Structures are given as C-alpha cells and as structure tokens.
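Every value quoted in this text rests on a predicted model; they were computed, and no experiment measured them.
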2 protein chains.
Amino acid sequence: MPRTTLRSVAQAAGVHAATASRALNPETRHLVNADTARRVLKAAERLGYQPNPIARSLKTARSNTIGLVVPDLTNPLFPPIARGIEEVLEEAGYSVWIVNTDHDLAREQALVESLRSRQVDGLILCTAHLSHPLIEKMRDEGVKMVLANRRTDDPGVPSVTPDDAHGIDLAVRHLAGLGHRRIAHLAGPQSTSTALTRARTFRHVVRDLGLDDDGLVVECAQWSERAGAEAMNALLDSGTSVTGVTAGNDLIALGCYDALDERGLSCPDDVSIVGFNNIPLLDKLHPPLTTVAIPHHELGSEAARMLLDYIEEPDRQPRSVLLPVSLITRRSTSAPPQENG
Amino acid sequence: MPRTTLRSVAQAAGVHAATASRALNPETRHLVNADTARRVLKAAERLGYQPNPIARSLKTARSNTIGLVVPDLTNPLFPPIARGIEEVLEEAGYSVWIVNTDHDLAREQALVESLRSRQVDGLILCTAHLSHPLIEKMRDEGVKMVLANRRTDDPGVPSVTPDDAHGIDLAVRHLAGLGHRRIAHLAGPQSTSTALTRARTFRHVVRDLGLDDDGLVVECAQWSERAGAEAMNALLDSGTSVTGVTAGNDLIALGCYDALDERGLSCPDDVSIVGFNNIPLLDKLHPPLTTVAIPHHELGSEAARMLLDYIEEPDRQPRSVLLPVSLITRRSTSAPPQENG
DNA sequence: TTGTATGCGTTATCAG
DNA sequence: CTGATAACGCATACAA
C-alpha cells in the first residue's frame, strides 16, 4: 500500500502538484491564494500526507539531517553529549544520525562518506585527532562541521571542548593542597587534543608548584580501563613512588583501581586518584572517585547550536569554545601516607 | 563541486548510463560484456564515483539502512546491544540509524515515521510495551521488524529477549540458599514484558520455595535509580522487614543502595541486593553488585540476524528467541542478619 | 550485449 | 496566482 503522494493531494484539492507543493511549504505558501492553500492543507490532512524526504533530498540536495560521529557509544561520556545535540537539533527541525567508528579511521572514513552521500546538512565529530587528514579535507571542501570534546590542531575548524587545562590545574592543585609532592599523570593517547592539553598542563602546573618532577607522565595507548591498568602497573613497576595520580579520564582512573587492587594497595590510603569527565556511577564506586566534571550535555547542545549557526551563515569565522569544568571531590583523594624514617 | 555521477562515469567509459549502471551493480554485471564492464569499473574508480543512495532509494524504495529504536542511550544496557546489531548488519551491507525515544510514545511515533519515510528496510525496537498500538499497526502493515530485549503480548511479532524468568529464578534461589526468607522484588514498570515476567516469576518462585509471602512486590514507575530509591524507601517505610531484594534491573538496585545509605543501613549486612542486566562498573561498586547477566551483545546480533532473515524471507513464521542468562555472584549478597530473640 | 525511454516524488523555473 | 515542464541520479522494462 503506497503512501499518499503530493500528486494525490493535489488531485484531491483540484490543483496542480506544483501548487500543492507551494501551499504545503510554509516558505512558499505566500505565493498561493489563501483559499487554495487551505484546500490543499485540508486534503493533505485528510489523506495523511507525509512528504517523501528522499525525493525532497534528491531535488534539494539537503536532508534536514545531521551526522554525529562518535568513537564509541559504550563510553558513557558520549550518550549525554548525543542527548544535548539531539535536543537542540530536533527543536530546529533536524534529525540526528549517530554512527560509531569504533576508534577506527577507515571505518570513520567510510561512515562519513556514507553520511555525506546521504546529503547530511552538517556533521558533528567527537573523533578528532590533532592531525586529521579527513577533517582537513572536509574543511577544504567547505563541509559544515563542528568538533565536540576534542579538537584538531587547525584553528580553522570550529570546536566545542571542555577547558582541559583548567581541569588538570584543579586536579593537581587539589592533590598538592592535600600535601602530595609526587604526582603522576596517566595520559590518554597524545594524538588527541584532550590528552595533549591535559598532559602539557600537568607538566606546567607541577613545575609551577615546585613539586617533585621527573617526567611522571605515562601515556596510555587507549582511553580504556585496561590501558589505565597497564599504565599504572608500569608506573608502579618502575619503582617510582607516587602518592597521587591524575588520570587522563575516568576509565583510565578505573584501571588504576584495578592495578592497586591487584597489588593489595589501597586508594586513597596509599595512592590518591583523580579522574576526568565525571561519568555516571563514580559516586558509588569503592572509593567514590574524585574527578573533573565536564558539562556533557552543554558540550552537545553548544556544538549543535554552533553547527546551526554555520549552516545559516556559512561565512562566519570559525570559533573555538571552551566550556567550564569543575572539580568534584570524593573519597579517592586524601592526604598522602606518612613516610617512615 | 558536484559529486561524480553515473552519467559522467558512463561518458568517461564511452557507454550509456544504463550500461554503466549494469556494470557497476554486481547483480547485473553478467548482463554486460566483460571488457565493457572492466572499462566502466576503471572509469568509476578513476573518478572516485560513489553511487548516490538517495537517488537509488527513490528508485528502488529500499535504502540498505535499518532503524534502531532505543528508549534511552544513556542507559548502559543499550550501547552494547547497538554494537551487536551494527556488527551483524554492517557485515551484511546495511547502515544502522539509531534514534532515542526518551521513553516518550509521541516521540517514538514521530521517529519511527521519520525512519519509515526514509525507506529503512527494517526496524529493531528496544522500546516495546506489552500493549503497543504502534507496533501492532506496523505488524498489520507488514513492516519488517524485530523486538529486542522486550516483547509485546502479541506472539505475531518476532523478538529476542533474555530469559527473564530464569534470571529471577536464579536470583531468588540464590538468596534463599543463603538463608533469606523475607525477600522483596522491586519491579520495573509492569507495562513491559521484562518487568512483568520478572515480577510474576518472582511470585511463583517465592511460593514454590515456601518463603514468607505477602505480596512483597513494589512497582517502580521507571527503570531508574531514582525510582528504585523511592520504591525501596516505600518498602522500608511500610515496616515490613525484608532481608533480601531482587531488583527489576541494575539501576533500580543502585537506587536501593541510595535508600539504604540514607538510613545508615548496610548492604549486605542488613539487606542483600541482586540486580539484573550486569551493566558495566558493577564490579567496582561498594559493595560489588550481585546481578543476573544477560548477553547484551548477542541480544543485538541475534536480533539483527533475525531481521535479515525476515527481510530475505518475508513469509517466515515469527519466532521468539529467549537468550540464556546467568547469575554473577558478588558481595552485595550474604547470609541474612541473625534475628535477636 | 547495449541503448532508449520512463518514472521514483519533489521542487524550481518559466510561462501564462 | 497557477499550471506546465524539467530535473535531481539512478534502475529497469523494453526495444534494438
């Protein structure tokens, strides 16, 4: 049973399809006699007419759809961002197409290609690397897009990210304030802006505060619990005795929990840990994790608003917005253990 | 810069568009001279030709896309299911369009309408209620779909769900085995198959085991931590003294943690708690939550395979598959406290 | 084996 | 203000 088409509505209203099209589209309705328009609207209503977005896209090269590219939906960071995006875009009449790249550049390329071939009106990418050929290429082609959470090196691509530097600053000062002098940073993959900014700032702050400083930065291969555990194990194996750790994100911090557990060490009695992102459930952990909270939802809604701006006004200067973060103090951080002797 | 079109490929290869179309489509390639085909393929390659899926959809009324409808992506249950689905469907050449209904029937209807108008080849729904007019209507219209995680009352709609009854059976017997005699069930919304099956089975098993039984089932308004806390508070306020709780799902169980915390009660010393679903991070909670594990990933992949079957063979009898579950014993359950006197 | 013609459902351009 | 016509890019029935 085929859906009602524009032609049948036109026929029912006794007008030509072109007229019906004009009457149905609010933008062009003023071009048609008010009575005729009413008749068409009525017929459309009666027949339950739904415009065919595919035919419309073919004609207009638009889709009222934007693509959201995330590296991994099972990372609890991204669903709230997606919600923020959907809320704003839906309000503006857009649908959101979410795709998962699984951290794989080839998959990303294929999925972006698929989105673009479906005429998405814009893209929001949560997958940016500092150097990112695909994004550079799209910038050159004038693709409307906004980066969320992470940015590239290139200021020519608009982005909305958390204030990573301030976040790490808060974390380190919190530990220093508790009396810690030997603090390590378990950094995320340094190919991403979030990881690089956090690691760099860590080094600066450690130096500024005059803390013990001999390169206590360990890079994790992934933003994952497993990689966090491996990095923490490496750190402990190396013999350096840290009393505090700022993790690149919460998953890495959870990996630290695992590593400490395995060795019978206690958090925070032996080592204090600070995470980053404030994903759900951290307050119920053992111990509850102190972390830097980022505004997930606003990260999404802000990126969406920015994208709408660029769609409406393509020549606008690219902006890079930093969203404020805050420290959530829980029980994974305390004064360092007393040294004996 | 307009994308390369079929015509330009045809032109470059010195053939007509129709021939190029046949050469490019593996299904029809045998209709064309091998040499010509090679020439066309080469030209397509050289020009970077990507077929326009919109034009193709308009012509064929298909899209190589399926819609995935979830109630709430921020519930950690759904992302792994989505991954399972994507894995199978991508392999089969389909894209997956994920939409969030936010538990809202009106939104669901609008989103499903939007998916269908974009010619999705099938739907996987994680939003089923026992009575679900939209799903019934689609069944009548012959829409290809599979329900995942939850089912409707109607056996005429294929589904893949966890073996909820066996899960609750395991949970209650586990508590009974530890010595509990007064066990409550904090049920999910009884309009869903998962909640109803779990609650019903709970009553049966309690009776079978001869446990204290006076309707210790409290229904939560939502599958949420907040609703779980409210239900647990109501239960404790009512003066009934339970020593064990089986929660409708893990989020509700987390709500129990909150309620106990607020009253200075301890889990498992005062009350043992069992969850359902085994979402991530439960092993790191305080205390780690005993729960019924369901095969998230397989739930998705199985549903996807089933959908492919129905797409290929529309007249196939609808099947309802139950996936096995297992009990994961952690430290939120122990022997009940000794009664005094 | 290949080319021609047509249509999928819309919208845009051009007359009237 | 409205109607006729064409075109978006592709696939297919039909003709050659």
* To do: Could you check how far CZ of B/R118 sits from C1' of C/dG9, rounded to whole Å?
  => 14 Å

* For B/A34 and for B/L58, find the nucleotide of DNA chain C with the closest heavy atom, then tell me which residue's nucleotide is more 5'. => B/A34

* Rounded interatomic separation in angstrom, taking NE2 from B/H30 and P from D/dT12 -> 12 Å

* Could you state the atom-to-atom distance from CG of B/L24 to P of D/dT12 in whole Å? => 13 Å

* Can B/D154 and B/T152 be counted as having a side-chain donor-acceptor contact under 3.5 angstrom? -> no

* Asked: Whole-Å distance between D/dG3 C1' and A/L31 CG?
  -> 14 Å

* Could you check how far CZ of A/R3 sits from P of C/dC8, rounded to whole Å? => 15 Å

* Asked: Does any donor atom in the side chain of A/H129 or A/T192 lie under 3.5 Å from an acceptor atom in the other side chain?
  -> no

* Asked: Side chains of B/S117 and A/R3: donor-acceptor distance under 3.5 Å anywhere?
  -> no

* Asked: Is it the case that more than 12 heavy atoms not belonging to B/E113 sit under 6.0 Å from its CD atom?
  -> yes

* Quick one: what's the B/S/- string for nucleotides 10-16 of chain C, heavy-atom cutoff under 4.0 Å, read 5' to 3'? -> BBBB---

* Asked: In whole Å, what is the span from the CD atom of A/Q119 to the C1' atom of D/dG9?
  -> 10 Å

* Asked: Quick one: do the B/Q11 and B/H16 side chains pair a donor with an acceptor below 3.5 Å?
  -> no

* To do: Send over the distance from A/R29 CZ to D/dT2 P, rounded to a whole Å.
  => 13 Å

* Flag for B/S159-B/S320: side-chain donor and acceptor within less than 3.5 Å -> yes

* Asked: Whole-Å distance between C/dG9 P and A/Q11 CD?
  -> 14 Å

